[in-house]
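First comes the structure, then the notes that go with it.
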Amino acid sequence: MNNGLVAGIGDVLLRYPELIEDVSADAIAAIERERPYVAIHLHASVPNKIPPSPIWLTDKLRLAGVNCIGVGPQYAPYLGNLRTQIEVVKRAWRFIGTLSCFNVVAQIAKVPSFVLVNRSLKEPFI
């Protein structure tokens with residue numbers, strides 16, 4: 001029990017079946033050719049967690065010659081399912097993004113990260 005939540009692995013998989021989907025080998029092979037890259041997740045569950053100019057940040061990084069790969073639901077048509085995107089983050093040279101499952105993956109995988117936080121919001125688990 002942690003933070004008032006009791007859940008086993010079965011509960012998690014029933015609620016998030018996308019976690020047991022296969023990783024797209026083709027997508028990972030394509031991503032491997034892009035290394036080194038920075039995985040970027042500049043979206044969030046609520047609008048006030050999103051940085052004010054996410055496209056500006058990505059454009060400036062690319063202008064500086066930084067190879068960026070976006071992750072999140074809007075990139076699913078290009079990268080594939082959540083499991084595949086998690087693998088993209090784990091293989092990244094760096095991570096920039098909002099508080100999300102992707103930033104947690106980056107931290108666990110020891111990917112150097114810059115996490116964007118709206119400090120005016122009260123985050124209960126930070």
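Heads up: numbering here begins at 1 and tracks the sequence. Quick caveat, the model's predicted, so the values are computed rather than measured. Side chains are part of it too, since the values below use all heavy atoms of this structure and drop only hydrogens, waters and symmetry mates.
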* Would you check if I40 and L57 make a side-chain contact, meaning some heavy-atom pair closer than 4.5 Å? => no

* **Approximate separation, where rounding is to 0.5 Å, of I96 CD1 and H41 NE2** => 13.5 Å

* Between N103 and S100, is any side-chain donor less than 3.5 angstrom from a side-chain acceptor? -> no

* Structure fact -> Taken to the nearest 0.5 Å, the spacing of I86 CD1 from N81 CG works out to 8.5 Å

* Asked: For H43, does its backbone N or O pair with a side-chain atom of T98 as donor and acceptor, under 3.5 Å?
  -> yes

* Asked: Counting N and O atoms only, with roles assigned by atom type, does the side chain of S113 sit under 3.5 Å from a partner on the main chain of V115, one being a donor and the other an acceptor?
  -> no

* Q85 vs F102 side-chain heavy atoms within contact, under 4.5 Å -> yes

* Of all the heavy-atom pairs spanning L61 and C68, show the shortest one and how long it is. => CB-SG, 3.7 Å

* Within one Ile-Leu-Val-Met-Phe-Trp-Tyr cluster: W93 and V71, side-chain cutoff 4.5 Å -> no

* Could you list the residues that satisfy side-chain hydrogen bond (donor to acceptor under 3.5 Å, both in side chains) with E32, not counting sequence neighbours? => R35, R91

* Asked: Does one hydrophobic cluster hold both F114 and V66, with members joined at side-chain heavy-atom distances below 4.5 Å?
  -> yes

* Between F95 and Q107, is any pair of side-chain heavy atoms under 4.5 Å apart? -> no

* Structure fact -> Note: L82 and C101 closest approach over all heavy atoms is CD1-SG, 4.2 Å

* Asked: Where the side chain of Y37 meets the backbone of V88, is there a donor-acceptor pair that is under 3.5 Å apart?
  -> yes

* Asked: Are I69 and V105 grouped together when hydrophobic residues (ILVMFWY) are joined by side-chain heavy atoms under 4.5 angstrom apart?
  -> yes

